[in-house]
Amino acid sequence: MAEFRFVRSAAWDFTDRGDEQMTVQKSVAGDFERFTRVLPRGSSTYSKVPLYSPDEPTAILRGQGCRVWDVDGREFIDYRNGLGPVTLGYRFPEVDEAICEQLASGIVFGHPHPLEAEVGEMLQRLIPCAEQVQFLKTGGEAIAACIRLARHYTGKKHVIHVGYNGWLNALASGAQTLPGSRADNRVPGVPDEIGSLHHAAAWNDIAVLKMYFATYPDDIAAVVIAADYTGMHEGEMYYAEVRELTRLNSTLLVFDEIVTGFRIAIGGVQQYFGTTPDLAVFSKGIANGMPISAFMGKRDIMQGCCEGVSISSTFGGDTLSLAAARATIRVYERHNVVEHLWKQGERLWGGLNEVFTSYHIPLAFKGFWPCPALVLEDGAMGAIRDTFLRLSYRNGVSLYQVPYINYSHQDADITETLDRLERICQEMNGDELA
Ligand SMILES: Cc1ncc(COP(=O)(O)O)c(C=O)c1O
């Protein structure tokens, strides 16, 4: 077993960061209340709010490769990766150099920059459905753009959502309003008139889709699907069946590839399973953490953008994100990043599944190795997962319910993580489950 290196000290390595950083660190450390006083939920991104204080970081100050350092000076091997977008690693040299080089020429202009066409052409080449592409900043707004285009193209009103498609699109009762949480009935803040046009369907449930097509004959504009993490393998049949059903009903099929793109395959589940949607959205992973999203699809549908469907944003196509995207895509193509995400994911999550089994911990990582979900085995209580996640933080591993490998997780990092987490399981086996 490798030496356990987690240090819980207040010692800081801020030699290159200056006094200002130290001041930030001192005023924020351990004080999440400060965040809740100014931000309604304590963070602009709900999934970043710490659930396991004081073991979980209150705030992160910096990252390098596959590690992050929090405001209390603690180091973590990180599997949250900015909640998905950091696919190569923090401060990845080629990407950071590309950003700095572009910064010297300007961030955003009042006319297009050549990078907008160049990165668009790269996506056209790499993503099966991408006959035309347009850039925005977030995943949710790009899905909203697809819905607008689909309604215009089909002249129909209703939209079916499978999985989480971003907060802007959480409009249906029963829909996922955040990753991992669901509206019981109507979604607060959504008038019935709008909510009644949006419908939630469970993953891999063809019967419920057929029911909606029967209930709203010839009035469903789009089926928007984000793959289910634990059931992703079912995509093989499910996507093909939904493709057929949507074709029969003249409804557009939209793939939310915000997590699956640049992770399951560069071209997402459509490349992996071989089913081509009419429209798709990519975002996390395009630019190793720079904020960018792209919606894309068949040329005649995308041409809606020239027919009065105004989808436009000042920051769509900013040069720093595009420079980062070009550099990231080049790294993906040169080094087979996707293979790395699968291979290291299998070593870590598959290895941990064996550890769970041998210590009788009723937890498992299920799904495809680049983005599996941590689930409870049948009959297990949620408290066991909470204990595991809390102890992971305490032992210097930052996990998430859908944890992500990045290209900077090398063999030694995986071994170290496995060692740390095995010690936790030993501890839990002895103390918590006795
Ligand atoms: C599958 C999926 N769709 C859509 C979104 C929304 O993207 P954004 O937060 O960039 O709006 C997310 C974000 O986590 C996501 O995981």
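Remember, it's 1-based here, ligands and their atoms both numbered in the order they're listed. What you see is a predicted model, and the numbers here were worked out from it, not measured in a lab.
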Notebook entry, point to check: Quick one: nearest non-hydrogen protein atom to atom 3 (N) of ligand 1, plus distance?
Noted result: Asp256 OD2, 2.6 Å
Next item on the list: Establish, yes or no, whether a centroid distance under 6.0 Å links the rings of Phe76 and Trp69.
Entry: no
Notebook entry, point to check: Does an N or O anywhere in Ser283 fall below 3.5 Å from an N or O of ligand 1?
Noted result: no
Notebook entry, point to check: At a 4.0 Å threshold, what atoms of ligand 1 neighbour a non-hydrogen atom of Gly140?
Noted result: 6 (C), 7 (O), 8 (P), 11 (O)
Notebook entry, point to check: Between CD of Glu75 and OG of Ser398, what distance do you get to the nearest 0.5 Å?
Noted result: 12.0 Å
Check: Where is the nearest protein heavy atom to atom 15 (C) of ligand 1: which residue, which atom, and how far?
Finding: Tyr164 CD2, 3.8 Å
Notebook entry, point to check: Is the closest heavy atom of Lys284 to ligand 1 under 4.0 Å?
Noted result: yes
Note to self: Can you confirm if the aromatic rings of Trp369 and Tyr229 lie within a centre distance of less than 6.0 Å?
What the structure shows: no
Next item on the list: Would you please indicate yes or no on a ring centroid separation below 6.0 angstrom for Phe295 and Phe135?
Entry: no
Next item on the list: Starting from atom 6 (C) of ligand 1, locate the nearest protein heavy atom and write down its residue, its atom name and how far away it is, to 0.1 Å.
Entry: Gly166 CA, 3.6 Å
Note to self: As an exercise, identify every atom of ligand 1 less than 4.0 angstrom from a heavy atom of Val259.
What the structure shows: 16 (O)
Margin query: Need the ligand 1 atom indices (1-based, order shown) with element for anything under 4.0 Å from a heavy-atom of Asn165.
Written below: 3 (N), 4 (C)
Checklist line | Within-cutoff protein neighbour (heavy atom, under 4.0 Å) for atom 9 (O) of ligand 1 | finding: no
Note to self: For the aromatic rings, using the six-membered ring if either is Trp, is the centroid distance between His199 and His158 under 6.0 Å?
What the structure shows: yes
Next item on the list: Cation-pi check, Arg390 to Tyr52: give yes when NZ or CZ is under 6.0 Å from the six-membered ring centre and within 45° of the ring axis, no otherwise.
Entry: no
Margin query: Show me which atoms of ligand 1 lie under 4.0 Å from any heavy atom of Thr138.
Written below: 10 (O), 11 (O)
Note to self: Give me the residue, atom name and distance of the protein heavy atom closest to atom 4 (C) of ligand 1.
What the structure shows: Ile258 CD1, 3.2 Å
Next item on the list: Establish, yes or no, whether a centroid distance under 6.0 Å links the rings of Phe273 and Tyr239.
Entry: yes
Next item on the list: Report yes if the distance between the aromatic ring centroids of Tyr79 and Tyr400 is under 6.0 Å, otherwise no.
Entry: no
